[in-house]
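Everything below concerns the one structure shown next.
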Amino acid sequence: MAGKPAQPNDNGARKDFMEPEDYFMAAAVLSARRSRDPSTQVGACIVNQDKKVVAVGYNKMPNGCEDHMPWSRSKGEDAAAAVWANGGDLTVATAAKVAAAAAETKLDTKYIYVCHAVLNAIMDKNSADVKGCSIYVTLFPSNECAKLIIEAGMKEVVYLCDKYHGSLETQAAKRMFKQAKIPCREFLPKETEVVLKLKST
Ligand SMILES: O=c1ccn([C@H]2C[C@H](O)[C@@H](COP(=O)(O)O)O2)c(=O)[nH]1
């Protein structure tokens with residue numbers, strides 16, 4: 001292939017290398033791939049002021065609980081899906097859904113067990129602290145993650161997707177970030193396929 005014409009100060013380096021922020025968000029995206037959550041995989045990458053990655057994390061069940069805790073979002077949905085999967089009829093599906101919904105308690109869903117990506121990234125950091133760091137996350141942080149980010153002394157949130165922007169958790173997170181003067185900004189990596197894949201989760 002005919003090479004590009006030499007430019008002044010051209011040392012022959014490749015031109016399509018990944019820029020730092022694309023790399024940091026790609027690290028969060030890759031970390032999210034470790035998640036067993038069937039509906040939303042979340043990744044986080046913490047970067048210090050020298051632009052070095054000091055931690056990555058993803059949403060997971062606590063150590064030792066990975067095979068025991070439910071990943072369900074709602075007990076009713078699972079029961080109805082199970083009935084339909086067996087060719088059940090509407091009355092059975094409805095009865096199962098109603099019964100499951102009635103029995104549903106938060107203990108049957110993932111939300112009270114799962115460790116969020118930010119928590120795991122902070123727990124797995126390879127530095128003494130994360131003060132002054134930026135955090136790259138594939139999903140806008142929840143209120144609980146906002147508390148961790150603020151209390152850990154991080155200075156900036158860079159997110160890929162804000163699909164729960166209307167939720168109370170996200171609204172509370174944004175209120176705390178504003179009060180704590182921690183800027184949040186959306187960042188879409190240049191590599192479209194990465195964005196399209198992650199925006200859908
Ligand atoms: O800031 C956050 C918010 C949520 N998560 C995790 C918790 C769950 O595993 C999923 C969300 O599941 P949905 O089925 O989309 O409700 O994301 C997180 O890690 N960090």
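Numbering of ligands and ligand atoms starts at 1, following listing order. Model, not experiment: these values are computed from the prediction.
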Test side chain to side chain contact (heavy atoms under 4.5 Å, CB included) applied to D37 and M61, K110, R73, the passing residue: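 The single option meeting the side chain to side chain contact (heavy atoms under 4.5 Å, CB included) with D37 is K110.
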Quick one: nearest non-hydrogen protein atom to [atom], plus distance?
{"atom": "atom 1 (O) of ligand 1", "answer": "S142 N, 2.8 Å"}
{"atom": "atom 16 (O) of ligand 1", "answer": "Y111 OH, 2.6 Å"}
{"atom": "atom 17 (O) of ligand 1", "answer": "V42 CG2, 3.4 Å"}
{"atom": "atom 11 (C) of ligand 1", "answer": "T40 CB, 3.8 Å"}
{"atom": "atom 19 (O) of ligand 1", "answer": "A117 N, 3.0 Å"}

With E151 via salt bridge (charged side-chain N to carboxylate O under 4.0 Å, His left out) - residues at least two apart: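 Per chain and number, E151 pairs via salt bridge (charged side-chain N to carboxylate O under 4.0 Å, His left out) with no residue.
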N-O pairing of K190 and D16 below 4.0 Å: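 Here K190 does not pair with D16 in a salt bridge, since their nearest N and O are not under 4.0 Å apart.
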Which segment of K110 sits under 4.0 Å of ligand 1 when only heavy atoms are counted: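 It is the side chain that gets close, since no backbone atom is under 4.0 Å.
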Which segment of C145 sits under 4.0 Å of ligand 1 when only heavy atoms are counted: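 The side chain, only.
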Heavy-atom donor-acceptor pair, T109 side chain to K106 backbone, under 3.5 Å: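 Judged by distance alone, yes, a pair lies under 3.5 Å.
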Atom indices of ligand 1, in the order listed, that fall short of 4.0 Å to a heavy atom of Y164: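 It comes down to these atoms of ligand 1: 13 (P), 15 (O), 16 (O).
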Atoms in ligand 1 with a heavy atom of P141 nearer than 4.0 Å: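 This gives 1 (O) as the contact atoms.
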Do [X] and [Y] come close enough that some side-chain heavy atom pair is under 4.5 Å?
{"X": "W71", "Y": "R36", "result": "yes"}
{"X": "F187", "Y": "D22", "result": "yes"}
{"X": "M25", "Y": "L160", "result": "yes"}

Identity of the nearest option to [atom], non-hydrogen atoms only, from [options]:
{"atom": "atom 6 (C) of ligand 1", "options": "L119, V114, N59, D37", "value": "N59"}
{"atom": "atom 14 (O) of ligand 1", "options": "R36, R73, M61", "value": "R73"}
{"atom": "atom 5 (N) of ligand 1", "options": "E169, H116, K60", "value": "H116"}

Sub-3.5 Å N/O-N/O distance, K163 and ligand 1: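 Checking ligand 1 against K163, no N or O pair falls under 3.5 Å apart.
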Ligand 1 contacted by Y58 (non-hydrogen, < 4.0 Å):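 For ligand 1, residue contact (heavy atoms, under 4.0 Å) with Y58 is absent.
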Member of E169, K147, H116 meeting the side-chain hydrogen bond (donor to acceptor under 3.5 Å, both in side chains) criterion with S142: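 Only one of E169, K147, H116 forms a side-chain hydrogen bond (donor to acceptor under 3.5 Å, both in side chains) with S142, namely H116.
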Other ILVMFWY residues reachable from M123 by side-chain steps of under 4.5 Å: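 Reading the cluster by chain and number, M123 sits alongside I46, V54, V118, L119, I122, V130, I135, V137, F140, L148, I149, I150, M154, V157, Y159, M176, F177, I182.
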